[in-house]
Amino acid sequence: MDEKTPHIHATVVPIVTGERRKAKQENKTNKRKYKKKKADRPRLCADDVMARDKLEGYHDTYAEYMQPYGLQRGIKGREVRHIGIAEYYRTISKEITQLEEALKNLRSAEKELKNNLDSLDTKEKVEKAKGQIYNFVGNLFSNRKLEELQEENNELKQGIDNLKSEITRLKNTFEKDREENKNEVLKYEKWIDHIYKLFPGVKAGVKLEKLCNSISLPSQEFTKLLREKSIQFTGKLFSPINHRFIEVQDVSFKLAPDPKTGNAIILMDNLKMGDWFRKNTRRYKK
């Protein structure tokens with residue numbers, strides 16, 4: 001009931017059984033099939049469930065079930081254009097403006113009528129003047145009742161107020177959740193910094209792991225490298241130079257101190273990672 005015309009939203013999951021119509025045609029034409037499936041297995045298929053005659057049938061049967069409650073079926077085959085929400089609101093807004101203008105004219109006419117009542121000679125003239133005012137208002141609104149427009153206007157205003165309240169509520173909830181998440185993140189960051197201070201090697205190990213992840217070195221190989229300090233690797237690595245995977249054969253990985261900082265670094269065939277990829281990427285195939 002949220003639009004001018006009452007309507008129903010239905011969600012249909014078209015689960016059907018039986019052989020597909022397309023499969024029957026393929027059998028006739030001996031078209032090649034790549035995978036054999038059971039004909040009676042459940043499957044999703046809108047071809048039968050959402051066909052035009054089926055959709056009309058849903059309208060018919062639903063109208064039959066709802067007939068005791070006074071629901072009437074829509075006209076079959078009627079070509080109607082649904083009014084969009086924006087267009088509907090523009091129409092209502094235009095009618096409200098016309099209503100306000102008409103009320104203004106009506107008050108002006110009534111005021112003029114009251115001022116001229118003393119000068120009217122007969123009751124017939126008074127009734128004639130009233131009739132002219134009522135006809136003017138009726139023609140202006142195309143026979144729509146004033147009460148209906150006022151009721152629709154009130155409903156629209158109430159809907160707008162409800163939307164504003166919901167927006168305010170959602171905004172407050174979002175701000176609260178964001179603040180809670182921010183505090184939670186800060187708590188974990190402090191906790192991680194504390195661990196790094198207690199165990200400086202952990203932070204260095206995390207950096208080395210990220211470096212190995214960037215070239216897709218398997219995690220078990222990195223664990224082995226930390227334990228044994230040197231490994232031989234054969235397999236696929238991601239080259240950061242030309243952004244593709246390459247096959248490598250017996251590449252040595254080992255941990256060594258950086259001559260400048262003293263921090264642990266990873267060498268590939270006694271070269272830094274960047275230098276190794278710049279030198280050797282072209283030698284290996286994809």
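For this chain, numbers begin at 1 and follow the sequence in order. Fair warning: this is a prediction, and the values are worked out from it, not measured in the lab.
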Within the structure provided, determine whether F253 and S230 are in side-chain contact (heavy-atom separation under 4.5 Å).
no
F233 reachable from I241 in the ILVMFWY side-chain graph, under 4.5 Å edges
yes
Might you point out which heavy atoms bring P42 and T17 nearest each other, and give the distance in Å?
CA-CG2, 4.0 Å
To the nearest 0.5 Å, how far apart are CG in L71 and CD in E64?
12.0 Å
Do L225 and L208 land in one hydrophobic cluster if side-chain heavy atoms of ILVMFWY residues count as linked below 4.5 Å?
yes
Report the distance from atom NZ of K272 to atom CD1 of I266, rounding to the nearest 0.5 Å.
12.5 Å
Tell me, do F238 and L217 make a side-chain contact under 4.5 Å, heavy atoms counted?
no
Rounded distance (nearest 0.5 Å) linking atom OG1 of T223 with atom CD of E209:
7.5 Å
Keeping the roles fixed (side chain from D258, backbone from K260), state whether a donor-acceptor pair exists under 3.5 Å.
yes
Nearest heavy-atom contact between G205 and F222 is O-CZ, 3.7 Å
Got V16 and R43 here, is their nearest side-chain heavy-atom distance under 4.5 Å?
yes
State plainly whether one hydrophobic cluster holds both I215 and L271, where clusters connect Ile, Leu, Val, Met, Phe, Trp and Tyr through side-chain heavy atoms under 4.5 angstrom apart.
yes
First locate atom CG of L55, then atom CG of D60, and finally report the distance between them rounded to the nearest 0.5 Å.
11.0 Å
Less than 4.5 Å apart, any side-chain heavy atom of I246 and any of K236?
no
Under 3.5 Å, is there a donor-acceptor pair between the side chain of S252 and the main chain of Q232?
no
State whether the number of non-hydrogen atoms from other residues, nucleotides or ligands found under 6.0 Å of Q67 atom CD is greater than 12.
no
What is the minimum heavy-atom distance between S216 and F245, and which atoms define it?
OG-CE2, 3.5 Å
Flag side-chain contact, heavy atom, 4.5 Å: K279 against D269:
no
At what distance, to the nearest 0.5 angstrom, does CD of E221 lie from CG of L237?
10.0 Å
L211 and V251: same hydrophobic cluster, using ILVMFWY side-chain contacts below 4.5 Å?
yes
Are M273 and L255 joined in one hydrophobic group, where the rule is that I, L, V, M, F, W and Y side chains link up if heavy atoms are under 4.5 Å apart?
yes
If you measure from NZ on K76 to CD on E56, what distance do you get to the nearest 0.5 Å?
6.0 Å
Does atom CD of Q72 have more than 12 heavy-atom neighbours from other groups under 6.0 Å away?
no
Testing the basics here: between I15 and L44, what is the closest heavy-atom pair and its distance to 0.1 Å?
CG1-CD2, 3.9 Å
Is the backbone N or O of S239 less than 3.5 Å from a side-chain atom of H243, with the two atoms forming a donor-acceptor pair by type?
no
Given E166, K164, Q158, the one that forms side-chain contact (heavy atoms from CB on, under 4.5 Å) with N162:
Q158
After noting the C-alpha distance and the side-chain angles of H59 and R73, does the key distance pass the side chain to side chain contact (heavy atoms under 4.5 Å, CB included) rule?
CA-CA 7 Å; H59 283 75; R73 193 203 187 286; 3.1 Å; yes
Any donor-acceptor pair under 3.5 Å linking the side-chain atoms of N263 with those of K207?
no
If you apply the rule side chain to side chain contact (heavy atoms under 4.5 Å, CB included), what do you find for F174 with K171, and how did you get there?
CA-CA 5 Å; F174 172 76; K171 184 178 180 180; 5.7 Å; no
With a 3.5 Å distance limit and no angle check, can you tell me whether N280 reaches the backbone of W276 through a side-chain donor-acceptor pair?
yes
